Amino acid sequence: MRALRILLITAVVLGGIFVIVDRLAVDFAEGEVADRLKSTENLSTTPDVSINGFPFLTQIAGGSLDEVRIGIQEYEAGTGDGKQNIRIEDLRADMKGVEFSGDFSSATATAADATGTASVTYDELLKTAKSESTQVGPGVTAGVIGLSDGGNGKIKVAVEATVLGTKLPEPVSVLSSVTVVDGDTVRVHADALPAFGGIEMAEARVREITDFEQKIDGLPGGIKLDKVEAGKSGVDITVRGSDVRLAG
């Protein structure tokens with residue numbers, strides 16, 4: 001009986017030591033991955049990295065990880081024109097089936113599947129809209145001056161207009177749908193065209209003001225835009241990808 005008790009105590013102690021070593025290894029690996037991502041993606045702050053699954057040491061022995069979660073507070077994505085970037089906020093990605101080779105400071109890692117979320121503020125999206133005053137009809141000029149939440153997943157586009165030399169006392173509000181096009185572009189499209197002083201105007205000319213697109217490319221690992229919806233302070237984006245390159 002005493003021998004059995006000793007064996008049980010020894011097993012518990014060894015099990016506790018294994019758990020401690022396993023957790024220390026996870027902490028080290030998460031730090032290495034975070035530092036690598038900060039360097040390769042030119043981030044201003046160190047991202048949050050969480051490696052899930054237990055035991056960790058068994059996973060790395062097999063060359064794959066069940067799940068890696070990444071959080072990036074701010075990310076400067078490209079816009080396709082090579083001139084300016086667009087700031088993506090609170091980018092979070094959940095990567096599953098991560099295969100890797102090498103150590104964590106120089107590993108090549110690819111996730112079989114990745115899903116996540118991010119957001120773009122209305123101020124950032126407004127940079128794409130045509131804000132300068134543009135002629136949209138006989139004696140009518142207009143320009144977008146603001147974007148906000150229109151409710152029910154819509155964006156409210158505020159348009160300032162001048163009719164026959166007189167600025168309208170209040171901006172004209174346009175409710176617009178927002179969608180993803182080609183996996184890399186946010187499109188804002190007016191549900192109904194506004195009326196400016198009762199003057200009839202060509203739809204194409206008005207839509208040059210109310211409708212616009214913002215390309216977002218160069219997201220980490222090659223993930224793409226999946227869905228987008230208007231929120232309180234900006235557009236909420238869902239991202240998705242397969243064979244996503246985490247590092248290397």
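In what follows, residues are counted from 1 in the order of the sequence shown. Being a predicted model, the structure only gives us computed values, none of them experimental.
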Subject >> Chi angles and distances behind the side chain to side chain contact (heavy atoms under 4.5 Å, CB included) call for Val163, Leu168 >> reply: CA-CA 7 Å; Val163 179; Leu168 297 183; 4.0 Å; yes
Subject >> Note, Asp184 side chain near Ile216 side chain (heavy atom, < 4.5 Å) >> reply: no
Original post:
For Arg87, what residues pass the side chain to side chain donor-acceptor pair (under 3.5 Å) criterion, not counting sequence neighbours?
Top reply: Glu89, Glu124
Original post:
Looking at side-chain heavy atoms only, is the closest gap between Val180 and Asp226 below 4.5 Å?
Top reply: no
**OP:** Can you establish whether the number of heavy atoms outside Lys127 located under 6.0 Å from its atom NZ is more than 12?
**Re:** yes
Original post:
Can you name the nearest heavy-atom pair linking Glu229 to Gly153, along with the distance?
Top reply: CG-CA, 3.7 Å
Original post:
Within a strict 4.5 Å, meaning less than it, do heavy atoms of the Pro220 and Leu37 side chains meet?
Top reply: no
Subject >> Spatial distance of atom CG (Asp66) from atom CG (Asn52) [nearest 0.5 Å] >> reply: 9.0 Å
**OP:** Can you see which heavy atom on Ala111 is nearest to which on Val98, and at what distance?
**Re:** CB-CG2, 4.0 Å
**OP:** Could you walk me through whether Val120 and Ile88 pass side chain to side chain contact (heavy atoms under 4.5 Å, CB included), step by step?
**Re:** CA-CA 5 Å; Val120 177; Ile88 309 298; 3.5 Å; yes
Original post:
Are Val244 and Thr110 side-chain neighbours, meaning at least one heavy-atom pair lies under 4.5 Å?
Top reply: no
**OP:** Over all heavy atoms of both residues, which pair between Leu43 and Tyr75 is shortest? Give the atoms and the distance, please.
**Re:** CD2-CD1, 3.5 Å
**OP:** Determine the minimum heavy-atom distance between Ala118 and Leu91, stating which atoms define it.
**Re:** CB-CD1, 3.7 Å
Subject >> Within-4.5 Å side-chain heavy-atom neighbours: Met95 and Ile70 >> reply: yes
**OP:** May I ask whether Val159 and Ile145 are part of the same hydrophobic cluster, defined by side-chain heavy atoms of I, L, V, M, F, W, Y residues being less than 4.5 angstrom apart, directly or through others?
**Re:** no
Original post:
Asp191 and Ser177: side-chain hydrogen bond (donor to acceptor under 3.5 Å, both in side chains), yes or no, with the steps?
Top reply: CA-CA 6 Å; Asp191 294 346; Ser177 297; 2.7 Å; yes
**OP:** Indicate if Ile209 and Val172 have the same hydrophobic cluster label, given that clusters are the connected sets of ILVMFWY residues with side-chain heavy-atom separations under 4.5 angstrom.
**Re:** yes
Subject >> For Leu219 against Ala77, the heavy-atom pair lying closest together >> reply: CD2-CB, 4.0 Å
Original post:
Rounded to the nearest 0.5 Å, what separation is found between the CD atom of Glu208 and the OG1 atom of Thr134?
Top reply: 8.0 Å
Subject >> Thr79 side chain to Gln84 backbone, donor-acceptor under 3.5 Å >> reply: yes
Subject >> Derivation of the side chain to side chain contact (heavy atoms under 4.5 Å, CB included) call for Val144 and Leu126 >> reply: CA-CA 8 Å; Val144 176; Leu126 184 61; 3.7 Å; yes
Original post:
Any side-chain heavy-atom pair from Glu74 and Thr45 closer than 4.5 angstrom?
Top reply: no
Subject >> Test item: Arg240 side-chain N/O and Lys227 main-chain N/O as donor-acceptor pair under 3.5 Å >> reply: no
Subject >> Thr117 side, atom OG1; Asp90 side, atom CG - distance, nearest 0.5 Å >> reply: 6.0 Å
Original post:
Roughly how far apart are Thr115 OG1 and Lys96 NZ, rounded to 0.5 Å?
Top reply: 7.0 Å
**OP:** Starting at CD of Gln135, measure out to CZ of Arg205 and round the result to the nearest 0.5 Å.
**Re:** 6.0 Å
**OP:** Check whether Leu175 and Ile155 end up in the same hydrophobic cluster, where Ile, Leu, Val, Met, Phe, Trp and Tyr are linked by side-chain heavy atoms less than 4.5 Å apart.
**Re:** no
**OP:** In sequence, state the C-alpha distance, the side-chain angles, and the governing distance for Val68 and Val49, and then conclude on side chain to side chain contact (heavy atoms under 4.5 Å, CB included).
**Re:** CA-CA 7 Å; Val68 179; Val49 175; 4.2 Å; yes
**OP:** Report yes if some heavy atom in the side chain of Thr210 is under 4.5 Å from a heavy atom in the side chain of Pro194; otherwise report no.
**Re:** yes
**OP:** Measure the spacing between NZ of Lys156 and CG of Leu147 and express it to the nearest 0.5 Å.
**Re:** 11.0 Å
Subject >> Min side-chain heavy-atom separation Glu213-Thr128 under 4.5 Å >> reply: no
**OP:** Mark yes or no for whether Tyr122, through its side chain, and Gly231, through its backbone, hold a donor-acceptor pair below 3.5 Å.
**Re:** yes
**OP:** Kindly indicate, with the supporting measurements, whether the criterion side-chain hydrogen bond (donor to acceptor under 3.5 Å, both in side chains) is fulfilled by Asp48 and Ser50.
**Re:** CA-CA 7 Å; Asp48 296 325; Ser50 176; over 6 Å; no
**OP:** Tell me, yes or no, whether the heavy-atom count around Glu67 atom CD, taken from other residues, nucleotides or ligands under 6.0 Å, exceeds 12.
**Re:** yes
Original post:
Arg92 side chain to Arg69 main-chain N or O, any donor-acceptor pair under 3.5 Å?
Top reply: no
**OP:** Taking all non-hydrogen atoms of both residues into account, name the closest pair between Ala190 and Leu193 and its distance.
**Re:** CB-CD2, 4.5 Å
